[in-house]
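Only one structure is covered here, and it is reproduced in the block below.
Counting from 1, the numbers follow the sequence of the chain as shown.
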Amino acid sequence: MDKVKYYLVSSTILPAVYSKVVEAKNYLATGEASSTSQAVKMAGISRSAYYKYKDAIFEYNTNSNDETITVNAKLKDNAGVLSALMNELYKSGANVLSVSQSVPVNSIADVSVTVRSTEMTATAQELLDSIKNINGVKSAQLG
């Protein structure tokens, strides 16, 4: 089997059907369409065109280069501490991508939060400093 080659090409030079296949895939991914039939109807293409190209065309996501920050913290096992941490992230404009928390041992839980930082109004260090000032945060560092 030949090795597949990929090209990054401007959508302006491609036949419209390719953009419509991506559009139909997006309708399915976001839940705007509940079935392939509905998605292709919304995009204005045939089911056969969709199935012909769906596994071969993908939208280039420019957000894949977005910066991410991971905050690793040790939190006291008190109600509202994690919520306060999340509130600081929200206030800074960070977009939470993932949260992982361990079961507390000796009343301390390890928490790791990964955020997209491109929309943040604070620097990573300013965010870290504000997290360290939360009552119940024993330590915090950037991972």
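The hydrophobic clustering, which links ILVMFWY residues whose side-chain heavy atoms are closer than 4.5 Å, places L127 and V99 together. Under a hydrophobic-cluster definition in which Ile, Leu, Val, Met, Phe, Trp and Tyr are linked whenever side-chain heavy atoms come within less than 4.5 Å, directly or via other members, V96 and V71 are assigned to the same cluster. Grouping the Ile, Leu, Val, Met, Phe, Trp and Tyr side chains by contacts below 4.5 angstrom, directly or via other members, places Y7 with V22. Using a 4.5 Å cut-off between side-chain heavy atoms of Ile, Leu, Val, Met, Phe, Trp and Tyr, with links allowed through other members, V21 and I13 fall into the same hydrophobic cluster.
For the pair L28/Y50, a side-chain contact is recorded, criterion being any heavy-atom separation below 4.5 Å from C-beta on. Side-chain contact between V115 and N95: absent, with no pair of heavy atoms (C-beta onward) separated by less than 4.5 Å. Two residues are said to be in side-chain contact when any heavy atoms from C-beta on lie closer than 4.5 Å; V9 and L14 meet this criterion.
Atom OG1 of T121 is separated from atom CD of E126 by 8.5 Å, given to the nearest 0.5 angstrom. Rounding to the nearest 0.5 angstrom, the gap separating the CD atom in Q141 from the NZ atom in K74 is 8.5 Å. To the nearest 0.5 Å, atom CD1 of residue I108 and atom CG of residue N78 are 8.5 Å apart. The distance from atom CE of M86 to atom CG of L82, rounded to the nearest 0.5 Å, is 6.0 Å. A distance of 8.5 Å separates NZ of K132 from OG of S139, quoted to the nearest 0.5 Å.
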Do S48 and S46 pass the side-chain hydrogen bond (donor to acceptor under 3.5 Å, both in side chains) test, and can you show the C-alpha distance, the side-chain angles, and the key distance before you say yes or no? CA-CA 5 Å; S48 63; S46 68; 3.1 Å; yes
Could you walk me through whether K54 and T36 satisfy the side chain to side chain contact (heavy atoms under 4.5 Å, CB included) test, starting with their C-alpha distance in whole Å, then the side-chain angles of each, then the deciding distance to 0.1 Å, before giving a yes or no? CA-CA 11 Å; K54 76 174 183 72; T36 302; over 6 Å; no
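Closest heavy-atom contact between E88 and I134: CG-CD1, 3.5 Å. For the pair K76 and V81, the tightest heavy-atom approach, listed with the atom from each and the gap, is O-CG2, 3.9 Å. What you find for K20 and G44 is that their closest heavy atoms are CD-O, 4.0 Å. The two residues S37 and V40 have their closest heavy-atom pair at O-CG2, 3.3 Å. Residues I69 and M120 share a closest heavy-atom pair of CD1-SD, 4.1 Å. The two residues T68 and S117 have their closest heavy-atom pair at N-OG, 4.1 Å.
For the side chain to side chain contact (heavy atoms under 4.5 Å, CB included) with V113, the lone residue among L97, N72, L89, I131 that qualifies is L89.
In terms of modelled atom types and a separation under 3.5 Å, the side chain of S35 and the main chain of Q38 share a donor-acceptor contact. Of the possible donor and acceptor atoms, one in the side chain of S102 sits under 3.5 Å from a partner among the backbone N and O of D110.
Pairs of residues two or more places apart, or lying in two chains, never qualify as ring pair (Phe, Tyr, Trp, His ring centres under 6.0 Å) while including a residue from residues 90-136. Applying the side chain to side chain donor-acceptor pair (under 3.5 Å) definition to pairs two or more places apart or across chains, those involving residues 22-31 are E23-Y27, N26-E59, T30-E32.
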